[in-house]
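Accompanying notes for the structure given below.
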Number of protein chains: 4
Amino acid sequence: MAKSVNKVILLGNVGKDPEIRSTTGGTLVASLSLATSERYKDKGGEWQERTEWHNLVSYARGAEILRDCVKKGAKLFVEGRITTRSWDDKETGKKAYRTEIVVSEISLLSPADGSNGRPASSGRASKNGTNRTSEPENDFGGVGITDDDIPF
Amino acid sequence: MAKSVNKVILLGNVGKDPEIRSTTGGTLVASLSLATSERYKDKGGEWQERTEWHNLVSYARGAEILRDCVKKGAKLFVEGRITTRSWDDKETGKKAYRTEIVVSEISLLSPADGSNGRPASSGRASKNGTNRTSEPENDFGGVGITDDDIPF
Amino acid sequence: MAKSVNKVILLGNVGKDPEIRSTTGGTLVASLSLATSERYKDKGGEWQERTEWHNLVSYARGAEILRDCVKKGAKLFVEGRITTRSWDDKETGKKAYRTEIVVSEISLLSPADGSNGRPASSGRASKNGTNRTSEPENDFGGVGITDDDIPF
Amino acid sequence: MAKSVNKVILLGNVGKDPEIRSTTGGTLVASLSLATSERYKDKGGEWQERTEWHNLVSYARGAEILRDCVKKGAKLFVEGRITTRSWDDKETGKKAYRTEIVVSEISLLSPADGSNGRPASSGRASKNGTNRTSEPENDFGGVGITDDDIPF
DNA sequence: TTTT
DNA sequence: TTTT
């Protein structure tokens with residue numbers, strides 16, 4: 001029986017096509033950037049919008065769903081849990097942190113088939129191929145997700 | 001009408017007495033570290049426990065509640081939203097990130113009055129006073145919460 | 001500070017155009033039927049789908065949003081709380097129950113403008129007028145929502 | 001991938017010891033009444049408290065946990081989904097409804113061992129035995145949970 | 001840094 | 001980097 005709860009519910013828009021990779025152990029991993037935004041009144045009484053970007057990560061079957069069905073611009077609902085990885089930055093010697101949402105439930109609310117004007121076959125595969133060789137945005141202190149990060 | 005959802009639900013244990021401060025505008029701010037833990041089976045089939053630490057922040061009336069009612073060791077339920085602040089680290093020139101949960105609902109599940117064996121009057125005020133002068137754990141790149149971070 | 005939590009999160013499809021009425025005190029009230037469905041495997045290993053219908057109710061500004069923006073077929077996300085009303089059935093003398101979700105947050109996920117093929121101006125007003133005279137599906141033992149049911 | 005969401009989060013107090021029974025197929029079933037309460041201001045500006053009672057139901061392993069660890073007065077956190085059963089009342093011929101929360105996650109927040117002053121061994125078995133013969137509160141038109149209600 |  |  002659980003003695004604690006760590007639950008996240010997000011509904012927002014996908015900022016980029018998911019990035020797909022595998023752990024050395026062969027588990028499929030998908031990373032995704034999801035935007036939520038809220039309106040608030042600033043001190044002058046003007047309505048402002050603040051956008052929050054969330055780092056989602058999904059494994060195995062969830063990663064397949066994100067890879068096959070979810071594209072930039074899609075509206076997505078997810079449930080998950082918060083996790084924060086930390087490492088010592090090799091260059092600076094400082095501790096660095098990255099907080100991610102490990103996704104447990106996915107619900108795609110807008111089709112991935114380009115109904116929003118974007119072609120569905122817009123070269124995601126080749127983009128992912130490129131990512132696999134370069135992956136600059138994944139270089140979080142040189143410490144990526146390893147098989148030890150996968151909770152099963 | 002909201003077009004997105006950013007909701008967090010946490011139930012866990014408070015790691016330290018809350019830290020209380022004020023913005024230059026006079027809004028009370030409370031920071032809190034909350035632990036959630038989950039059990040999982042490792043590759044060898046052994047049960048392991050993983051603890052996740054969450055940075056909570058609360059303003060105004062919520063900060064008063066945390067200050068007056070919540071102490072180290074308390075069991076706490078909160079609702080909130082995820083927010084990530086970033087700044088350029090002055091020393092390293094690198095971008096640094098800190099993800100926090102802005103608390104909107106609080107429910108105290110264990111009394112703060114030392115029923116768990118700890119004295120309720122354990123010098124929180126003086127500890128906070130000490131924190132105000134030294135505050136090493138709050139020096140996130142020298143960039144703390146400002147009035148601009150407060151969404152009202 | 002809350003000592004309990006009563007929270008519902010629903011994402012589903014609207015079964016009919018909302019029904020709009022007012023309390024004797026003049027507060028606008030909207031009622032809505034929302035369907036969620038889940039897939040499960042039956043004893044024979046076949047995939048089945050089960051649909052659950054939820055009675056939503058919203059007041060004041062929320063009722064305006066439902067009235068103006070939400071139509072049959074729309075995909076809707078809501079947050080709310082569970083409430084159960086009971087009354088003595090006048091005919092049978094038995095206790096009757098009706099559980100409703102009092103909506104606190106609404107997020108419309110599909111446009112109400114007929115993009116699903118239905119005209120947006122499909123005479124909702126006159127339908128509501130008709131409902132007001134007949135309203136068989138609202139006759140819950142002759143006991144409707146009164147101003148006493150409104151929590152403010 | 002889910003196309004809808006039906007999620008309930010409750011934190012409250014158990015009204016009575018759980019009732020335990022089995023389906024004809026041998027699946028253990030536990031029923032539980034959980035109270036949540038909220039404070040609100042009435043029209044005269046006075047603070048009032050409203051208590052809501054939720055019918056929880058849990059199967060198999062969850063039913064074991066409720067049977068073994070949860071007693072009247074316990075503080076409980078649960079996640080689940082809303083479900084409504086209906087049947088034709090044999091006496092009156094009218095449709096009757098009962099809404100229940102099918103529990104998927106349980107977190108016991110106060111010990112079941114009588115730390116609240118009540119003995120842990122307070123004859124739950126015999127009370128349940130009594131219930132089994134009389135069970136007036138379970139006589140929902142003579143239609144109880146059957147194996148067909150169990151989603152696995 | 002918590003808790004079981 | 002999304003969306004309205």
Side-chain angles (χ1 to χ4, degrees), chain A residues 1-6 10-19 31-39 47-56 70-78 84 86 108-112 115-118 127 131 136-138, chain B residues 1-6 10-19 31-39 47-56 70-78 84 86 108-112 115-118 127 131 136-138, chain C residues 69 77 107-113 115, chain D residues 69 77 107-113 115:
Chain A
M1 181 173 44
K3 297 301 283 180
S4 64
V5 174
N6 174 356
L10 298 173
L11 194 165
N13 294 290
V14 175
K16 294 202 262 184
D17 288 356
E19 293 171 26
S31 298
L32 195 63
S33 211
L34 189 78
T36 58
S37 52
E38 56 171 333
R39 258 163 266 267
W47 281 103
Q48 302 290 341
E49 183 166 301
R50 186 198 322 262
T51 295
E52 200 67 41
W53 287 97
H54 307 272
N55 304 310
L56 311 191
V70 173
K71 297 178 62 59
K72 174 178 174 176
K75 190 170 276 285
L76 205 63
F77 175 95
V78 297
T84 299
S86 70
L108 180 62
L109 303 176
S110 74
S115 70
N116 47 12
R118 265 178 251 93
K127 179 176 183 306
N131 278 346
E137 67 275 55
N138 252 357
Chain B
M1 181 172 46
K3 297 302 283 179
S4 65
V5 174
N6 173 357
L10 299 174
L11 195 165
N13 294 289
V14 174
K16 294 203 262 184
D17 287 356
E19 293 171 25
S31 298
L32 195 63
S33 211
L34 190 77
T36 58
S37 52
E38 57 171 331
R39 257 163 267 267
W47 281 103
Q48 303 290 340
E49 184 166 302
R50 186 198 322 263
T51 295
E52 200 67 41
W53 287 98
H54 308 272
N55 305 312
L56 273 52
V70 173
K71 296 178 62 59
K72 174 178 173 173
K75 190 170 276 286
L76 205 63
F77 175 94
V78 298
T84 298
S86 70
L108 180 61
L109 303 177
S110 73
S115 70
N116 46 12
R118 264 178 252 93
K127 179 175 183 305
N131 278 346
E137 68 276 52
N138 251 357
Chain C
C69 308
F77 175 94
S107 185
L108 179 63
L109 304 176
S110 74
D113 59 9
S115 70
Chain D
C69 308
F77 175 95
S107 185
L108 179 62
L109 304 176
S110 74
D113 60 6
S115 70

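Numbered from 1 within each chain, the chains take letters A, B, ... in sequence-line order.
As a whole-Å value, the separation of A/Leu10 CG from F/dT1 P is 21 Å. Atom NZ in A/Lys16 sits roughly 17 Å away from atom C1' in F/dT3 (whole-Å rounding). Atom-to-atom, NE2 of A/His54 to P of F/dT1 comes out at 18 Å; the value is rounded to the nearest Å. When the C1' atom of E/dT2 is taken as reference, atom CD of B/Glu19 falls 15 Å away, rounded to whole Å. One interatomic measurement links the two molecules: CZ of B/Arg39 to P of E/dT3, which rounds to 15 Å at whole-angstrom precision. Rounded to whole Å, atom P of F/dT1 lies 17 Å from atom CD of A/Glu52. Summarising the geometry, the separation between CG on A/Asn6 and C1' on E/dT3 is reported as 15 Å, rounded to the nearest angstrom. As rounded to whole Å, 13 Å separates atom C1' of E/dT2 from atom CG of B/Leu56.
Residues passing the side chain to side chain contact (heavy atoms under 4.5 Å, CB included) test with A/Ser33 are A/Trp53, sequence neighbours excluded. Applying the side-chain hydrogen bond (donor to acceptor under 3.5 Å, both in side chains) criterion to B/Thr36, with sequence neighbours excluded, gives B/His54.
Using a cut-off of 4.0 Å between Lys/Arg side-chain N and Asp/Glu carboxylate O, B/Asp17 and B/Lys72 are scored as not salt-bridged.
Looking at heavy-atom distances under 4.0 Å, B/Thr51 makes contact with a base.
To the nearest 0.5 angstrom, B/Lys3 atom NZ is 5.0 Å from C/Leu108 atom CG.
Side-chain proximity of A/Trp53 to the nucleotides E/dT2, F/dT1, F/dT3 is greatest for F/dT1. The nucleotide whose nearest atom lies closest to any side-chain atom of A/Ser33 is, among F/dT1, E/dT2, F/dT3, F/dT1. Closest approach to the A/Lys72 side chain among F/dT1, E/dT3, F/dT3 is made by F/dT1 (side chain taken as heavy atoms from C-beta onward).
Remark on DNA chain F: of its neighbouring residues A/Asn55 and B/Lys3, the 5'-side contact belongs to A/Asn55, judged by nearest-heavy-atom nucleotide.
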